[in-house]
Novice: 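Structure in structure tokens, see below.
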Amino acid sequence: MGSAMTMNAIALPADIPSISAKVDPADYAAIRAAIAVITEHWRDQPSLERIASEAGTEPARLQKIFRRWAGITPKQFVQAITLDHARNLLSGEASVLDTAYEVGLSGPGRLHDLFVTHEAMTPGDFRARGAGLVIDWGFHPSPFGHALVMATDRGLAGLAFADDPSGFEAALADMTRRWPRAEYRENLKATGPLARRIFDPSRWREEEPLRIVLIGTDFEVRVWETLLRIPFARAATYSQIATRVCSPKAARAVGAAVGKNPLSFVVPCHRVLGANGALTGYHWGLTRKRAMLGWEQAVSAA
DNA sequence: ATTTGGTGTTGTG
DNA sequence: CACAACACCAAAT
């Protein structure tokens with residue numbers, strides 16, 4: 001970890017507002033450990049006892065909090081993340097993206113998604129107009145660890161993750177580095193409602209779309225827009241996205257752009273897999289990517 | 001199983 | 001302007 005960035009004095013308020021979902025976010029640490037174990041050993045279908053012991057938890061407690069988090073048991077989760085299953089996410093039919101464009105973001109019979117309206121800001125715009133841009137930020141609990149929410153008055157601009165408070169500084173530095181000219185201020189009052197809404201599917205409403213601001217190059221923004229068309233609990237490959245945005249050969253360029261997505265989860269870069277169904281990479285850790293995919297499977301099965 | 005060669009975009013000098 | 005780096009991919013060892 002580089003220490004050139006001295007981002008001291010991150011105030012940690014005592015009263016972190018908790019999200020209203022049925023998930024107790026404090027348990028994510030145990031859940032994350034369990035998922036890490038599962039990720040390592042899913043090939044040999046580990047038992048609940050083994051998962052719990054290797055994760056340093058009691059089986060009964062793990063069963064309970066995991067179920068509250070995902071709606072399914074750790075054992076079912078093991079089945080949900082096998083390679084075969086990941087391949088199934090990639091479309092049975094033509095292409096998830098093709099059908100998404102035909103049907104629209106959310107059609108009948110398809111799960112609702114986090115409705116989003118976006119406006120793009122090119123780096124040029126940002127430099128010119130964003131000279132006085134103020135970004136409010138705050139850490140909030142989420143089903144995937146502590147979430148760093150960053151917002152402007154024009155909408156949500158950044159979403160990052162940290163496993164525990166010791167990672168806050170790094171996460172914040174990672175994000176502020178992307179828009180060096182902006183002015184940052186901690187403001188939980190502004191970011192709290194966004195955090196609550198983003199991670200609670202029951203609050204996703206078509207009538208009140210979530211406003212987001214995409215700050216990136218032309219190409220990057222086009223890639224991120226395409227990601228928004230991948231339906232909930234489904235997945236697409238890098239080359240499918242490349243075909244849509246540019247040329248099928250551009251898969252690698254797409255990978256680079258996907259990796260720079262500043263709005264993880266909201267812009268669902270976790271739904272992009274390699275051509276063989278393997279999870280290729282994730283800026284905030286492959287474990288978290290698996291957690292998000294598994295969580296979506298569980299939520300959509302309900 | 002691993003290696004290789006072809007790719008588009010971006011950041012750096 | 002050139003060049004390396006990249007969350008890729010298919011084909012050839």
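Convention: sequence-line order gives letters A, B, ...; per-chain numbering from 1. Since this is a predicted model, take the numbers as computed values, not measurements.
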Novice: Kindly state whether the ring of A:F144 and the ring of A:W295 have centres lying under 6.0 angstrom apart.
Specialist: yes
Novice: Just compare B:dT10, C:dA7, B:dG8 and give me whichever is closest to any side-chain atom of A:A250.
Specialist: B:dG8
Novice: From CD1 of A:I241 over to P of B:dT9, roughly how many Å is that when rounded to an integer?
Specialist: 15 Å
Novice: Over how many whole Å does the gap from A:D218 atom CG to B:dG11 atom C1' extend?
Specialist: 16 Å
Novice: Could you list by number each residue of residues 275-285 of chain A showing a heavy-atom separation from DNA chain C of less than 4.0 Å, or answer none if no residue does?
Specialist: A:A275, A:T280, A:G281, A:Y282, A:H283
Novice: For A:S47 and A:R50, indicate whether the former's side chain and the latter's backbone hold a donor-acceptor pair under 3.5 Å.
Specialist: yes
Novice: What's the closest nucleotide to the side chain of A:F219 if the choices are C:dA7, B:dT10, B:dT7?
Specialist: B:dT10
Novice: Give each stem of DNA chain C as a range with a range, requiring at least 3 consecutive Watson-Crick or G-U wobble pairs whose two distances are under 3.5 Å.
Specialist: B:1-6 with C:8-13, B:8-13 with C:1-6
Novice: State plainly whether the residues A:R211 and A:E119 are in salt-bridge range, i.e. N to O under 4.0 Å.
Specialist: yes
Novice: Ignoring backbone atoms, establish whether A:S239 has a side-chain N or O less than 4.0 Å from OP1 or OP2 of C:dC8.
Specialist: no
Novice: Compare the minimum distances between each of C:dA7, B:dT10, B:dG6 and the side chain of A:R252, then state the nucleotide with the smallest one.
Specialist: B:dG6
Novice: Base, sugar-phosphate or nothing for A:A251? Non-hydrogen atoms, less than 4.0 Å.
Specialist: sugar-phosphate
Novice: Just wondering, more than 12 heavy atoms not from A:K75 lying within 6.0 Å of its NZ?
Specialist: yes
Novice: Closest approach to the side chain of A:E220, judged atom by atom: which nucleotide of B:dT10, C:dA7, B:dG6 is it?
Specialist: B:dT10
Novice: Could A:R234 and A:E296 be called an ion pair, given the rule that one side-chain N must be under 4.0 Å from one carboxylate O?
Specialist: no
Novice: Just do the side chain to side chain donor-acceptor pair (under 3.5 Å) check on A:T73 and A:Q76 with the steps written out, would you?
Specialist: CA-CA 5 Å; A:T73 66; A:Q76 291 170 299; 3.3 Å; yes
Novice: Write down the distance between OH (A:Y238) and P (B:dT7), rounded to a whole number of angstrom.
Specialist: 22 Å
Novice: Ion pair present between A:K189 and A:D136, side-chain N to carboxylate O less than 4.0 angstrom?
Specialist: no
Novice: State which of C:dA7, B:dT10, B:dG8 makes the closest approach to the side chain of A:T217.
Specialist: B:dT10
Novice: Are A:H283 and A:D174 close enough, and set up right, to give a side chain to side chain donor-acceptor pair (under 3.5 Å), and what steps lead you there?
Specialist: CA-CA 11 Å; A:H283 188 81; A:D174 186 314; 2.8 Å; yes
Novice: Relative to the ring of A:W69, is the ring of A:Y28 parallel (under 30°), tilted (30 to 60°) or perpendicular (over 60°)?
Specialist: tilted
Novice: Tell me which nucleotide among C:dA7, C:dC9, B:dG8 gets nearest to the side chain of A:C246.
Specialist: B:dG8
Novice: NZ of A:K260 versus P of C:dC6: gap in Å, rounded?
Specialist: 11 Å
Novice: Between A:R222 (CZ) and B:dG8 (C1'), how many Å, whole number?
Specialist: 11 Å
